[in-house]
Amino acid sequence: LSAQASDDKTDSTASSSGSGSLVFDKDAYSELTTTITDTDGTEHSVTYHFWKAITYVAKPVDETYQSLIVSAPVKIDGKAVDATDAPILLANSVGGYMPSSVADATKVGGGGSAMGGGGGGAPSGAPSGAASNANGNTNATGGATSSNQLLALAAGYVVIEPGARGRTLKNSAGEYYGTAPAAIVDLKAAVRYIRSNKGRIPGNVERIVSAGTSAGGALSALLGASGDSRIYDKYLKELGAADASDAIFATGAWCPITDLEHADGAYEWNWGANKLSTGKQVDQTVSKVLQAQFAEYQASLKLRGLNGFGTLTARNYDEYLVKQYLEPSATTYLKGLSDSDRATYLAANTFITWSGGKATFSWADFLTHVGARKKTVPAFDAFDLSAGENNLFGAGTTQNRHFTAYGAKNDTTGLSSKRVASDIPETLNLMNPMYHLERGNPGRSKHWWIRLGTEDSDTSLTVSANLAAAAAGLGDDVNHLYYWDQGHGANTDPGDFITWIAKVTG
Ligand code: DHB
(Lines give C-alpha, C1' and ligand atoms only; values in the text may rest on other atoms or scores of the structure.)
Protein backbone atom coordinates (compact mmCIF):
# COMPACT_ATOMS: atom_id res chain seq x y z
CA LEU A 1 0.00 0.00 0.00
CA SER A 2 1.47 3.29 -1.04
CA ALA A 3 -1.38 5.26 0.41
CA GLN A 4 -0.65 7.49 3.34
CA ALA A 5 -3.04 9.69 5.15
CA SER A 6 -2.59 13.26 4.13
CA ASP A 7 -3.16 14.70 7.56
CA ASP A 8 -0.81 14.71 10.52
CA LYS A 9 -2.52 11.80 12.24
CA THR A 10 -0.26 9.31 10.52
CA ASP A 11 2.83 11.08 11.79
CA SER A 12 1.61 11.07 15.33
CA THR A 13 1.37 7.29 15.27
CA ALA A 14 4.75 6.63 13.69
CA SER A 15 6.39 6.90 17.07
CA SER A 16 3.95 4.49 18.61
CA SER A 17 4.58 1.71 16.11
CA GLY A 18 6.21 -1.43 17.37
CA SER A 19 5.04 -4.33 19.44
CA GLY A 20 4.33 -2.28 22.54
CA SER A 21 1.63 -0.24 20.83
CA LEU A 22 -0.69 -3.21 20.44
CA VAL A 23 -0.98 -4.00 24.13
CA PHE A 24 -4.45 -3.24 25.47
CA ASP A 25 -4.29 -0.94 28.50
CA LYS A 26 -6.91 -2.47 30.76
CA ASP A 27 -6.89 0.51 33.12
CA ALA A 28 -7.52 3.19 30.50
CA TYR A 29 -11.29 3.21 30.77
CA SER A 30 -13.96 5.55 32.03
CA GLU A 31 -17.04 4.31 33.86
CA LEU A 32 -20.40 5.14 32.34
CA THR A 33 -23.98 4.33 33.24
CA THR A 34 -26.83 4.12 30.78
CA THR A 35 -30.40 2.92 30.62
CA ILE A 36 -31.12 0.25 28.07
CA THR A 37 -34.64 -0.78 27.13
CA ASP A 38 -34.85 -4.42 26.16
CA THR A 39 -37.18 -5.90 23.56
CA ASP A 40 -40.06 -6.45 25.99
CA GLY A 41 -39.86 -2.84 27.12
CA THR A 42 -38.06 -3.45 30.42
CA GLU A 43 -35.53 -0.79 31.35
CA HIS A 44 -32.13 -1.85 32.65
CA SER A 45 -29.53 0.31 34.34
CA VAL A 46 -26.16 -0.73 32.94
CA THR A 47 -22.84 0.48 34.31
CA TYR A 48 -19.92 -0.29 32.02
CA HIS A 49 -16.28 0.41 31.43
CA PHE A 50 -15.64 2.26 28.21
CA TRP A 51 -12.36 2.44 26.33
CA LYS A 52 -12.32 5.19 23.76
CA ALA A 53 -10.71 4.73 20.34
CA ILE A 54 -7.65 2.47 20.40
CA THR A 55 -5.59 2.06 17.23
CA TYR A 56 -5.54 -1.65 16.40
CA VAL A 57 -2.55 -1.80 14.04
CA ALA A 58 1.09 -0.84 14.62
CA LYS A 59 1.46 0.91 11.27
CA PRO A 60 -1.87 2.62 10.62
CA VAL A 61 -2.68 4.23 7.30
CA ASP A 62 -5.42 6.28 8.93
CA GLU A 63 -6.12 5.99 12.64
CA THR A 64 -9.44 7.76 12.28
CA TYR A 65 -10.73 4.50 10.85
CA GLN A 66 -8.28 1.87 12.11
CA SER A 67 -9.35 2.07 15.71
CA LEU A 68 -11.87 0.36 17.95
CA ILE A 69 -13.86 1.07 21.10
CA VAL A 70 -14.56 -1.39 23.92
CA SER A 71 -17.52 -1.51 26.32
CA ALA A 72 -17.67 -4.04 29.15
CA PRO A 73 -20.53 -4.21 31.67
CA VAL A 74 -19.69 -4.20 35.39
CA LYS A 75 -23.11 -3.69 36.98
CA ILE A 76 -26.56 -4.49 35.61
CA ASP A 77 -29.68 -3.45 37.56
CA GLY A 78 -27.58 -2.97 40.66
CA LYS A 79 -25.91 -6.38 40.49
CA ALA A 80 -22.18 -6.71 39.86
CA VAL A 81 -21.35 -8.66 36.70
CA ASP A 82 -18.04 -10.09 35.58
CA ALA A 83 -17.60 -9.97 31.80
CA THR A 84 -14.11 -11.50 31.86
CA ASP A 85 -15.36 -14.62 30.09
CA ALA A 86 -18.40 -13.18 28.36
CA PRO A 87 -18.93 -13.44 24.59
CA ILE A 88 -17.64 -10.49 22.59
CA LEU A 89 -20.00 -8.84 20.13
CA LEU A 90 -17.81 -7.36 17.39
CA ALA A 91 -20.21 -4.93 15.79
CA ASN A 92 -19.10 -2.99 12.75
CA SER A 93 -21.10 0.01 11.55
CA VAL A 94 -20.05 -0.01 7.93
CA GLY A 95 -22.70 1.13 5.46
CA GLY A 96 -22.38 1.49 1.72
CA TYR A 97 -18.75 0.29 1.84
CA MET A 98 -18.04 3.78 3.12
CA PRO A 99 -15.45 4.70 5.76
CA SER A 100 -16.61 3.95 9.28
CA SER A 101 -15.11 5.60 12.34
CA VAL A 102 -15.32 5.31 16.10
CA ALA A 103 -12.56 7.88 16.65
CA ASP A 104 -14.88 10.36 18.34
CA ALA A 105 -17.19 7.88 20.04
CA THR A 106 -17.88 8.58 23.70
CA LYS A 107 -20.17 5.66 24.46
CA VAL A 108 -21.34 2.23 23.37
CA GLY A 109 -23.05 2.23 19.96
CA GLY A 110 -20.85 5.08 18.84
CA GLY A 111 -19.84 3.90 15.39
CA GLY A 112 -21.13 4.98 12.04
CA SER A 113 -20.36 5.23 8.38
CA ALA A 114 -19.68 8.69 7.07
CA MET A 115 -22.26 8.34 4.33
CA GLY A 116 -22.49 12.02 3.73
CA GLY A 117 -18.84 12.82 4.23
CA GLY A 118 -15.62 11.70 2.67
CA GLY A 119 -16.72 12.89 -0.72
CA GLY A 120 -18.74 9.79 -1.37
CA GLY A 121 -22.36 9.81 -0.59
CA ALA A 122 -24.61 6.82 -0.84
CA PRO A 123 -23.89 4.13 -3.40
CA SER A 124 -25.54 4.49 -6.76
CA GLY A 125 -29.07 3.30 -6.55
CA ALA A 126 -28.73 3.16 -2.82
CA PRO A 127 -31.99 3.36 -1.07
CA SER A 128 -33.14 5.68 1.59
CA GLY A 129 -32.20 2.99 4.06
CA ALA A 130 -28.53 3.30 3.24
CA ALA A 131 -28.59 7.06 3.08
CA SER A 132 -30.11 7.23 6.51
CA ASN A 133 -26.99 5.84 8.09
CA ALA A 134 -25.42 9.12 7.28
CA ASN A 135 -26.04 10.67 10.60
CA GLY A 136 -23.24 10.21 13.03
CA ASN A 137 -24.20 7.79 15.69
CA THR A 138 -26.92 5.91 13.95
CA ASN A 139 -25.66 3.51 11.37
CA ALA A 140 -26.50 2.55 7.89
CA THR A 141 -29.31 0.53 8.92
CA GLY A 142 -31.52 2.71 10.94
CA GLY A 143 -29.97 1.76 14.24
CA ALA A 144 -30.26 -1.99 13.70
CA THR A 145 -26.67 -2.59 14.64
CA SER A 146 -26.88 -0.14 17.45
CA SER A 147 -29.73 -2.04 19.07
CA ASN A 148 -27.62 -5.20 18.86
CA GLN A 149 -24.85 -3.41 20.75
CA LEU A 150 -27.10 -2.05 23.50
CA LEU A 151 -28.95 -5.33 24.02
CA ALA A 152 -25.66 -7.22 24.09
CA LEU A 153 -24.30 -4.94 26.81
CA ALA A 154 -27.48 -5.32 28.85
CA ALA A 155 -27.14 -9.10 28.49
CA GLY A 156 -23.68 -8.92 30.05
CA TYR A 157 -21.61 -9.28 26.89
CA VAL A 158 -18.57 -7.26 25.93
CA VAL A 159 -19.16 -5.01 22.92
CA ILE A 160 -16.27 -4.07 20.66
CA GLU A 161 -16.89 -1.70 17.77
CA PRO A 162 -14.21 -1.40 15.11
CA GLY A 163 -13.91 1.33 12.53
CA ALA A 164 -12.65 0.48 9.07
CA ARG A 165 -11.46 2.27 5.98
CA GLY A 166 -13.98 2.75 3.20
CA ARG A 167 -14.10 3.28 -0.51
CA THR A 168 -14.14 7.08 -0.72
CA LEU A 169 -10.96 7.78 1.26
CA LYS A 170 -8.34 9.59 -0.82
CA ASN A 171 -4.93 10.91 0.24
CA SER A 172 -3.19 14.11 -0.85
CA ALA A 173 -1.60 12.27 -3.79
CA GLY A 174 -5.09 11.47 -5.07
CA GLU A 175 -4.81 7.77 -4.19
CA TYR A 176 -7.80 5.79 -2.94
CA TYR A 177 -6.67 3.96 0.18
CA GLY A 178 -9.97 2.59 1.43
CA THR A 179 -11.06 0.59 -1.60
CA ALA A 180 -11.12 -3.22 -1.64
CA PRO A 181 -9.78 -5.05 0.25
CA ALA A 182 -9.06 -2.34 2.85
CA ALA A 183 -12.20 -2.76 5.00
CA ILE A 184 -11.89 -6.52 5.45
CA VAL A 185 -8.17 -6.24 6.15
CA ASP A 186 -8.96 -3.68 8.84
CA LEU A 187 -11.64 -5.84 10.45
CA LYS A 188 -9.25 -8.80 10.48
CA ALA A 189 -6.58 -6.63 12.05
CA ALA A 190 -9.10 -5.66 14.73
CA VAL A 191 -9.80 -9.34 15.45
CA ARG A 192 -6.06 -10.03 15.66
CA TYR A 193 -5.68 -7.13 18.08
CA ILE A 194 -8.43 -8.53 20.29
CA ARG A 195 -7.10 -12.09 20.21
CA SER A 196 -3.53 -11.01 20.87
CA ASN A 197 -4.77 -9.25 24.01
CA LYS A 198 -6.30 -12.39 25.53
CA GLY A 199 -6.30 -12.03 29.31
CA ARG A 200 -6.01 -8.23 29.12
CA ILE A 201 -9.03 -7.22 27.06
CA PRO A 202 -12.42 -8.00 28.65
CA GLY A 203 -14.37 -10.95 27.26
CA ASN A 204 -13.61 -14.39 25.89
CA VAL A 205 -11.53 -13.87 22.75
CA GLU A 206 -12.45 -17.41 21.63
CA ARG A 207 -16.10 -16.33 21.51
CA ILE A 208 -16.11 -13.38 19.16
CA VAL A 209 -19.47 -12.92 17.42
CA SER A 210 -19.37 -10.51 14.49
CA ALA A 211 -22.34 -8.37 13.41
CA GLY A 212 -23.02 -5.93 10.61
CA THR A 213 -25.69 -4.79 8.20
CA SER A 214 -25.70 -4.43 4.42
CA ALA A 215 -22.10 -3.67 3.36
CA GLY A 216 -21.33 -4.25 7.05
CA GLY A 217 -23.25 -7.53 6.84
CA ALA A 218 -21.20 -8.49 3.82
CA LEU A 219 -17.99 -7.74 5.70
CA SER A 220 -19.26 -9.62 8.75
CA ALA A 221 -20.01 -12.68 6.61
CA LEU A 222 -16.60 -12.34 4.96
CA LEU A 223 -14.90 -12.06 8.34
CA GLY A 224 -16.68 -15.26 9.38
CA ALA A 225 -15.96 -17.17 6.17
CA SER A 226 -12.33 -16.14 5.79
CA GLY A 227 -10.99 -16.82 9.30
CA ASP A 228 -7.20 -17.34 9.23
CA SER A 229 -7.11 -17.43 5.43
CA ARG A 230 -3.55 -16.77 4.23
CA ILE A 231 -4.63 -14.63 1.29
CA TYR A 232 -4.76 -11.52 3.51
CA ASP A 233 -1.32 -12.00 5.04
CA LYS A 234 0.61 -9.44 3.04
CA TYR A 235 -1.99 -6.75 3.69
CA LEU A 236 -2.08 -7.47 7.40
CA LYS A 237 1.69 -7.44 7.58
CA GLU A 238 1.85 -4.03 5.87
CA LEU A 239 -0.40 -2.60 8.58
CA GLY A 240 1.59 -4.16 11.39
CA ALA A 241 -1.41 -6.20 12.51
CA ALA A 242 -0.99 -8.19 15.73
CA ASP A 243 0.41 -11.68 15.37
CA ALA A 244 -2.66 -13.72 16.28
CA SER A 245 -5.54 -15.65 14.75
CA ASP A 246 -8.24 -13.65 12.97
CA ALA A 247 -10.83 -16.42 13.18
CA ILE A 248 -14.15 -15.55 14.81
CA PHE A 249 -16.58 -17.91 16.55
CA ALA A 250 -19.92 -16.85 15.07
CA THR A 251 -21.25 -14.55 12.37
CA GLY A 252 -24.28 -12.27 12.30
CA ALA A 253 -25.11 -10.77 8.91
CA TRP A 254 -28.15 -8.62 8.07
CA CYS A 255 -28.94 -8.10 4.37
CA PRO A 256 -25.37 -8.79 3.26
CA ILE A 257 -24.53 -7.04 -0.02
CA THR A 258 -22.03 -9.65 -1.08
CA ASP A 259 -20.94 -12.04 -3.85
CA LEU A 260 -20.59 -8.84 -5.84
CA GLU A 261 -19.15 -10.31 -9.03
CA HIS A 262 -22.26 -12.49 -9.39
CA ALA A 263 -24.76 -10.01 -8.01
CA ASP A 264 -25.73 -8.42 -11.34
CA GLY A 265 -26.95 -11.76 -12.69
CA ALA A 266 -28.65 -12.71 -9.44
CA TYR A 267 -30.35 -9.32 -9.32
CA GLU A 268 -31.87 -9.73 -12.78
CA TRP A 269 -32.94 -13.30 -12.04
CA ASN A 270 -34.84 -11.94 -9.04
CA TRP A 271 -36.04 -8.47 -9.96
CA GLY A 272 -35.48 -8.43 -13.74
CA ALA A 273 -39.13 -7.96 -14.70
CA ASN A 274 -39.96 -5.51 -11.91
CA LYS A 275 -40.16 -1.86 -12.93
CA LEU A 276 -38.18 0.96 -11.36
CA SER A 277 -40.01 3.36 -9.05
CA THR A 278 -40.23 5.72 -12.04
CA GLY A 279 -42.39 3.13 -13.76
CA LYS A 280 -39.66 2.43 -16.32
CA GLN A 281 -38.55 -1.07 -17.18
CA VAL A 282 -34.83 -1.74 -17.44
CA ASP A 283 -33.26 -2.98 -20.71
CA GLN A 284 -34.65 -6.51 -20.95
CA THR A 285 -31.94 -7.65 -23.36
CA VAL A 286 -29.23 -6.79 -20.85
CA SER A 287 -31.36 -8.25 -18.07
CA LYS A 288 -31.71 -11.57 -19.93
CA VAL A 289 -27.96 -11.83 -20.61
CA LEU A 290 -27.30 -11.31 -16.91
CA GLN A 291 -29.97 -13.85 -15.94
CA ALA A 292 -28.21 -16.42 -18.11
CA GLN A 293 -24.98 -15.64 -16.26
CA PHE A 294 -26.73 -16.32 -12.98
CA ALA A 295 -28.02 -19.69 -14.24
CA GLU A 296 -24.48 -20.70 -15.12
CA TYR A 297 -23.06 -19.49 -11.82
CA GLN A 298 -25.77 -21.08 -9.70
CA ALA A 299 -25.26 -24.42 -11.46
CA SER A 300 -21.52 -24.22 -10.84
CA LEU A 301 -22.03 -23.81 -7.09
CA LYS A 302 -23.78 -27.20 -6.75
CA LEU A 303 -25.38 -26.03 -3.52
CA ARG A 304 -28.10 -28.01 -1.82
CA GLY A 305 -31.05 -26.17 -0.37
CA LEU A 306 -31.82 -26.43 3.33
CA ASN A 307 -34.16 -29.13 4.61
CA GLY A 308 -33.45 -31.61 1.83
CA PHE A 309 -34.49 -29.36 -1.04
CA GLY A 310 -31.92 -30.69 -3.52
CA THR A 311 -29.52 -28.82 -5.78
CA LEU A 312 -30.35 -25.15 -6.20
CA THR A 313 -30.62 -23.90 -9.78
CA ALA A 314 -31.97 -20.87 -11.60
CA ARG A 315 -34.99 -23.03 -12.50
CA ASN A 316 -35.98 -24.05 -8.98
CA TYR A 317 -34.71 -21.14 -6.89
CA ASP A 318 -38.07 -19.36 -7.03
CA GLU A 319 -39.79 -22.39 -5.55
CA TYR A 320 -37.02 -22.71 -2.97
CA LEU A 321 -37.30 -19.10 -1.82
CA VAL A 322 -41.09 -19.34 -1.60
CA LYS A 323 -41.18 -22.62 0.34
CA GLN A 324 -38.09 -22.27 2.50
CA TYR A 325 -38.23 -18.57 3.32
CA LEU A 326 -41.07 -16.43 2.02
CA GLU A 327 -44.16 -18.42 2.98
CA PRO A 328 -42.79 -19.22 6.46
CA SER A 329 -41.94 -15.52 6.82
CA ALA A 330 -45.47 -14.44 5.89
CA THR A 331 -46.91 -17.14 8.14
CA THR A 332 -44.92 -15.91 11.14
CA TYR A 333 -45.97 -12.35 10.41
CA LEU A 334 -49.65 -13.20 10.04
CA LYS A 335 -49.70 -15.40 13.12
CA GLY A 336 -48.38 -12.46 15.12
CA LEU A 337 -51.33 -10.27 14.15
CA SER A 338 -54.64 -10.05 15.94
CA ASP A 339 -57.53 -11.76 14.14
CA SER A 340 -58.88 -8.44 12.90
CA ASP A 341 -55.48 -7.11 11.77
CA ARG A 342 -54.83 -10.39 9.95
CA ALA A 343 -58.19 -10.18 8.23
CA THR A 344 -57.43 -6.62 7.17
CA TYR A 345 -53.99 -7.60 5.84
CA LEU A 346 -55.36 -10.59 3.93
CA ALA A 347 -58.15 -8.48 2.45
CA ALA A 348 -55.54 -6.03 1.15
CA ASN A 349 -53.25 -8.81 -0.06
CA THR A 350 -55.47 -11.30 -1.79
CA PHE A 351 -52.52 -13.05 -3.42
CA ILE A 352 -51.98 -14.80 -0.10
CA THR A 353 -53.99 -17.92 0.68
CA TRP A 354 -54.35 -18.32 4.44
CA SER A 355 -55.34 -21.84 5.35
CA GLY A 356 -54.67 -24.06 8.34
CA GLY A 357 -52.57 -21.32 9.91
CA LYS A 358 -50.26 -21.13 6.90
CA ALA A 359 -49.67 -18.58 4.14
CA THR A 360 -49.16 -19.74 0.57
CA PHE A 361 -48.64 -17.75 -2.63
CA SER A 362 -46.82 -17.82 -5.95
CA TRP A 363 -43.42 -16.31 -6.74
CA ALA A 364 -44.95 -14.16 -9.49
CA ASP A 365 -47.50 -12.70 -7.10
CA PHE A 366 -44.80 -12.12 -4.50
CA LEU A 367 -42.75 -10.12 -7.04
CA THR A 368 -45.79 -8.01 -7.86
CA HIS A 369 -46.37 -7.47 -4.15
CA VAL A 370 -42.82 -6.14 -3.66
CA GLY A 371 -43.23 -3.80 -6.62
CA ALA A 372 -40.46 -1.44 -7.71
CA ARG A 373 -36.90 -2.65 -8.01
CA LYS A 374 -34.41 -0.28 -6.41
CA LYS A 375 -31.57 -0.48 -8.90
CA THR A 376 -31.01 -0.09 -12.60
CA VAL A 377 -29.25 -2.63 -14.80
CA PRO A 378 -26.55 -3.80 -14.20
CA ALA A 379 -27.14 -3.16 -10.52
CA PHE A 380 -23.55 -3.42 -9.30
CA ASP A 381 -21.03 -3.12 -12.13
CA ALA A 382 -22.68 -0.20 -13.92
CA PHE A 383 -21.69 0.34 -17.56
CA ASP A 384 -21.04 4.00 -16.73
CA LEU A 385 -19.08 3.17 -13.54
CA SER A 386 -21.66 5.00 -11.42
CA ALA A 387 -22.37 2.29 -8.83
CA GLY A 388 -20.86 2.45 -5.37
CA GLU A 389 -19.31 -0.94 -6.05
CA ASN A 390 -17.37 0.52 -8.99
CA ASN A 391 -15.72 2.79 -6.44
CA LEU A 392 -15.22 -0.15 -4.05
CA PHE A 393 -13.05 -1.74 -6.73
CA GLY A 394 -11.21 1.45 -7.52
CA ALA A 395 -7.42 1.47 -7.07
CA GLY A 396 -4.56 3.92 -7.01
CA THR A 397 -5.79 7.21 -8.42
CA THR A 398 -8.63 5.53 -10.32
CA GLN A 399 -11.86 6.15 -8.44
CA ASN A 400 -14.11 3.66 -10.20
CA ARG A 401 -13.36 0.45 -12.05
CA HIS A 402 -15.25 -2.42 -13.63
CA PHE A 403 -15.04 -5.74 -11.82
CA THR A 404 -16.98 -8.05 -14.15
CA ALA A 405 -16.07 -9.08 -17.70
CA TYR A 406 -19.55 -8.08 -18.87
CA GLY A 407 -19.40 -4.65 -17.25
CA ALA A 408 -15.96 -3.99 -18.72
CA LYS A 409 -17.00 -5.17 -22.17
CA ASN A 410 -19.98 -2.82 -22.19
CA ASP A 411 -18.21 0.16 -20.66
CA THR A 412 -19.70 3.49 -21.74
CA THR A 413 -17.06 5.78 -20.22
CA GLY A 414 -14.60 5.56 -23.08
CA LEU A 415 -12.07 3.26 -21.46
CA SER A 416 -9.50 1.93 -23.90
CA SER A 417 -9.51 -1.52 -22.31
CA LYS A 418 -12.66 -3.58 -22.46
CA ARG A 419 -11.36 -6.01 -19.83
CA VAL A 420 -11.07 -5.90 -16.07
CA ALA A 421 -7.68 -4.96 -14.62
CA SER A 422 -5.31 -7.82 -13.85
CA ASP A 423 -5.63 -7.50 -10.06
CA ILE A 424 -9.43 -7.75 -10.09
CA PRO A 425 -9.80 -11.56 -9.86
CA GLU A 426 -7.66 -11.69 -6.71
CA THR A 427 -9.37 -8.64 -5.22
CA LEU A 428 -12.77 -10.26 -5.79
CA ASN A 429 -11.65 -13.37 -3.88
CA LEU A 430 -10.49 -11.18 -1.02
CA MET A 431 -13.99 -9.65 -0.85
CA ASN A 432 -16.20 -12.71 -1.28
CA PRO A 433 -17.29 -15.04 1.54
CA MET A 434 -18.46 -17.55 -1.09
CA TYR A 435 -14.84 -17.96 -2.22
CA HIS A 436 -13.91 -19.19 1.25
CA LEU A 437 -17.02 -21.30 1.79
CA GLU A 438 -16.64 -23.00 -1.58
CA ARG A 439 -13.19 -24.06 -0.42
CA GLY A 440 -14.41 -25.16 3.00
CA ASN A 441 -12.02 -22.83 4.79
CA PRO A 442 -11.30 -24.64 8.08
CA GLY A 443 -10.83 -21.37 9.99
CA ARG A 444 -14.35 -20.14 9.21
CA SER A 445 -16.98 -19.41 11.80
CA LYS A 446 -19.25 -22.44 12.33
CA HIS A 447 -22.36 -20.51 13.49
CA TRP A 448 -24.33 -18.21 11.22
CA TRP A 449 -27.19 -15.81 11.93
CA ILE A 450 -28.44 -14.36 8.66
CA ARG A 451 -31.41 -12.03 8.20
CA LEU A 452 -33.01 -10.26 5.24
CA GLY A 453 -36.21 -8.31 4.60
CA THR A 454 -38.47 -9.76 1.91
CA GLU A 455 -38.85 -6.28 0.35
CA ASP A 456 -35.13 -5.66 0.15
CA SER A 457 -34.22 -5.14 -3.50
CA ASP A 458 -30.75 -3.75 -2.78
CA THR A 459 -29.60 -7.17 -3.92
CA SER A 460 -31.09 -10.49 -4.97
CA LEU A 461 -32.89 -12.57 -2.37
CA THR A 462 -30.67 -15.47 -3.50
CA VAL A 463 -27.49 -13.89 -2.12
CA SER A 464 -28.07 -14.58 1.56
CA ALA A 465 -29.80 -17.89 0.76
CA ASN A 466 -26.68 -19.05 -1.09
CA LEU A 467 -24.52 -17.98 1.83
CA ALA A 468 -26.73 -19.98 4.17
CA ALA A 469 -26.77 -23.01 1.87
CA ALA A 470 -22.99 -22.92 1.44
CA ALA A 471 -22.36 -22.77 5.20
CA ALA A 472 -24.98 -25.44 5.94
CA GLY A 473 -23.48 -27.62 3.24
CA LEU A 474 -20.22 -27.59 5.20
CA GLY A 475 -22.09 -28.77 8.30
CA ASP A 476 -22.24 -25.36 10.00
CA ASP A 477 -25.07 -24.25 12.23
CA VAL A 478 -27.21 -21.84 10.19
CA ASN A 479 -30.12 -19.71 11.41
CA HIS A 480 -31.52 -17.80 8.45
CA LEU A 481 -34.88 -16.04 8.33
CA TYR A 482 -36.51 -13.43 6.09
CA TYR A 483 -38.49 -10.62 7.70
CA TRP A 484 -41.89 -10.25 6.05
CA ASP A 485 -42.54 -6.93 4.27
CA GLN A 486 -39.33 -5.44 5.64
CA GLY A 487 -36.93 -3.41 3.54
CA HIS A 488 -33.22 -2.85 3.49
CA GLY A 489 -31.46 -2.86 6.85
CA ALA A 490 -34.26 -4.32 8.94
CA ASN A 491 -33.49 -6.06 12.24
CA THR A 492 -36.80 -6.96 13.81
CA ASP A 493 -35.59 -9.72 16.15
CA PRO A 494 -32.48 -8.34 17.90
CA GLY A 495 -33.51 -9.98 21.18
CA ASP A 496 -33.47 -13.38 19.48
CA PHE A 497 -29.97 -12.68 18.20
CA ILE A 498 -28.80 -11.97 21.76
CA THR A 499 -30.41 -15.22 22.96
CA TRP A 500 -28.79 -17.08 20.05
CA ILE A 501 -25.37 -15.76 21.06
CA ALA A 502 -25.87 -17.19 24.55
CA LYS A 503 -26.92 -20.51 23.06
CA VAL A 504 -24.07 -20.95 20.58
CA THR A 505 -21.32 -19.60 22.81
CA GLY A 506 -22.52 -21.36 25.97
C1 DHB B 1 -25.35 -0.85 0.80
C2 DHB B 1 -26.47 -0.77 -0.02
C3 DHB B 1 -26.34 -1.08 -1.35
O4 DHB B 1 -27.40 -1.03 -2.17
C5 DHB B 1 -25.11 -1.46 -1.87
O6 DHB B 1 -25.02 -1.75 -3.18
C7 DHB B 1 -24.00 -1.56 -1.04
C8 DHB B 1 -24.13 -1.26 0.30
C9 DHB B 1 -25.49 -0.52 2.25
O10 DHB B 1 -26.58 -0.08 2.67
O11 DHB B 1 -24.53 -0.71 3.00
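Start at 1 and go down the list; that is how both ligands and their atoms are numbered. Note that the structure is predicted; figures quoted are calculated from it, not measured. One is the number of the first residue; the rest follow in order along the sequence.
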Regarding ligand 1, does [X] bring an N or O atom to under 3.5 Å of one of the ligand's N or O atoms?
| X | value |
| --- | --- |
| F380 | no |
| T213 | no |
| G216 | no |

Tell me the closest heavy-atom pair linking [X] and [Y], and the distance in Å.
| X | Y | answer |
| --- | --- | --- |
| N491 | S147 | ND2-OG, 4.1 Å |
| I69 | G110 | CD1-N, 4.2 Å |
| T376 | E268 | O-OE2, 4.4 Å |

Examine R401 relative to F393 and say whether NZ or CZ is less than 6.0 Å from the centre of the six-membered ring and inside a 45° cone about the ring axis.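 Judged by the rule (NZ or CZ under 6.0 Å from the ring centre, within 45° of its axis), R401 is not positioned above F393.
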So, for Y317 and Y320, is the gap between ring centers shorter than 6.0 Å?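 Judged by ring-centre distance (under 6.0 Å), Y317 and Y320 do meet the cut-off.
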Please tell me whether H369 and F351 form a close aromatic pair, meaning their ring centres lie under 6.0 Å apart.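 Close enough - the centres of the two rings lie under 6.0 Å apart.
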I need the contact type for K374 against ligand 1. Using non-hydrogen atoms and a strict under-4.0 Å cut-off, is it side chain, backbone, both or neither?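 For K374, there is no contact with ligand 1 at all, from either part.
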Any idea which atoms of ligand 1 are less than 4.0 Å away from a heavy-atom of [X]?
| X | value |
| --- | --- |
| D458 | 2 (C), 3 (C), 4 (O) |
| G95 | 11 (O) |
| A215 | 8 (C), 9 (C), 11 (O) |

Shortest reach to atom 7 (C) of ligand 1 by a heavy atom, considering only R167, H488, E389: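 The residue whose heavy atom sits nearest atom 7 (C) of ligand 1 is E389.
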Could you tell me whether ligand 1 has any atom less than 4.0 Å away from a heavy atom of K375?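 For ligand 1, residue contact (heavy atoms, under 4.0 Å) with K375 is present.
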Using non-hydrogen atoms of the residue, decide whether G96 is closer than 4.0 angstrom to ligand 1.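 True for this residue.
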Main chain of A382, side chain of S386: is a donor-acceptor contact present, judged purely on distance under 3.5 Å?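 Checking the backbone N and O of A382 against the side chain of S386, no donor-acceptor pair under 3.5 Å is found.
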